[in-house]
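Written below as structure tokens is the structure these notes are about.
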Amino acid sequence: MTEETPGLGGENAEQPDVPSGADDAAPKAPEPSTQEGPAAPAGDASKAEQDAGVTAQLDQARAALSERTADLQRLQAEYQNYRRRVERDRVQVKEIAVANLLTELLPVLDDVGRAREHGELVGGFKSVAESLETAAAKLGLQQFGKEGEPFDPTVHEALMHSYAPDVTETTCVAILQPGYRIGERTIRPARVAVAEPQPGAQAGTSDAADASEADAEKESGGPDEG
């Protein structure tokens, strides 16, 4: 009686089990890609977006800086104009106040002038009057108006009028009240008496000159003949 050794071949030898899907587990060749060129990494795209955002923020900051700079320059110009206007107004207010004060003192100065002309400015009254005139001069008060100067209607006020043969234009022949000014501002015109040339005096002077020339020609024998 013979014994059979299992697993050594034979018709009834059992074959090892092959798991299902073994063919599917076999490696497959990679399919060709349908996209052209290599795909950009996700990190590079994110960096580009960040750079674009930073550039946009920088542009906005520059625009805001330009606006703030323009606002600052405008405010500075307005402040400078305000300072100049305030300074100009301050000077004008001061000049007006000084002019009003000195205008009230003009009658006193007129009395001082008349007292000086009549020789009554003596003693303590003279010292007080000179101190008053000095103080007025320090405030910018200037007296004007002299005899013999041409009449100027912008600074003279004619109270008397006459004719005189020895003047060639309208002339101030007497100062009735002196004028006063502060700088270029006249606070009172000089009140004067004026004289105009005698009517016909210029024509008479011209005739006399012509007659003198004719006499000179007669004495010299007349004009030279060629």
Take His156 and Arg191, measure what side chain to side chain contact (heavy atoms under 4.5 Å, CB included) needs, and give me the verdict at the end. CA-CA 6 Å; His156 295 140; Arg191 294 167 180 172; over 6 Å; no

For Phe125 and Ala115, the nearest pair of non-hydrogen atoms, with its separation, is CE2-CB, 4.0 Å

Q. Any side-chain heavy atom of Arg188 sitting closer than 4.5 Å to one from Leu102?
A. no

Nearest heavy-atom contact between Gly183 and Arg181 is O-CD, 3.2 Å

Are Thr170 and His161 close enough, and set up right, to give a side chain to side chain contact (heavy atoms under 4.5 Å, CB included), and what steps lead you there?
CA-CA 10 Å; Thr170 305; His161 177 270; over 6 Å; no

Rounded to the nearest 0.5 Å, the CD atom of Glu67 sits from the CG atom of Leu72 at a distance of 13.5 Å

CD (Glu87) and CD (Gln92) are apart, to the nearest 0.5 Å, by 11.0 Å

When every non-hydrogen atom of Ala164 is compared with those of Ala195, the smallest separation belongs to CB-CB, 4.0 Å

Output for pair (Gln60 CD, Gln57 CD), nearest 0.5 Å, gives 7.0 Å

Is it true that Val108 and Tyr180 fall in one hydrophobic cluster, defined by side-chain heavy atoms closer than 4.5 Å?
yes

Using side-chain heavy atoms (C-beta onward) and a distance below 4.5 Å, is Pro197 in contact with Tyr163? no

For Pro150 and Cys172 the tightest heavy-atom approach is O-SG, 4.2 Å

Note to self: side chain to side chain contact (heavy atoms under 4.5 Å, CB included), that's the test. Do Leu141 and Leu109 meet it? Break it down for me.
What the structure shows: CA-CA 11 Å; Leu141 186 66; Leu109 296 176; 3.5 Å; yes

Rounded to the nearest 0.5 angstrom, the CG-CG distance for Leu106 and Leu101 is 10.0 Å

Under 4.0 Å between a Lys/Arg side-chain N and an Asp/Glu carboxylate O for Lys94 and Asp89? no

For the pair Lys146 and Glu149, find out whether any cationic side-chain nitrogen is under 4.0 Å from an anionic carboxylate oxygen.
no

(message) Taking CD in Gln76 as the centre, count heavy atoms belonging to other residues, nucleotides or ligands within less than 6.0 Å. Is the count above 12?
(response) no

>> What verdict does the side chain to side chain contact (heavy atoms under 4.5 Å, CB included) test give for Leu132 and Val128, after you've listed the backbone C-alpha separation in whole Å, the side-chain angles of each residue and the deciding distance to 0.1 Å?
In response: CA-CA 6 Å; Leu132 177 62; Val128 173; 5.6 Å; no

So CD of Glu196 and OG1 of Thr171: to nearest 0.5 Å the spacing works out to 9.5 Å

Assess whether a salt bridge exists between Glu133 and Arg116, defined as any Lys/Arg side-chain N lying under 4.0 Å from an Asp/Glu carboxylate O.
yes

Rounded to the nearest 0.5 Å, the CD atom of Glu95 sits from the CD1 atom of Ile187 at a distance of 12.0 Å

**Asked** Can Ile182 be reached from Leu139 by stepping across I, L, V, M, F, W or Y side chains whose heavy atoms are under 4.5 Å apart?
**Response** yes

- Message: With a 3.5 Å distance limit and no angle check, can you tell me whether Arg74 reaches the backbone of Thr69 through a side-chain donor-acceptor pair?
- Response: no

Are Leu176 and Val192 side-chain neighbours, meaning at least one heavy-atom pair lies under 4.5 Å?
-> no

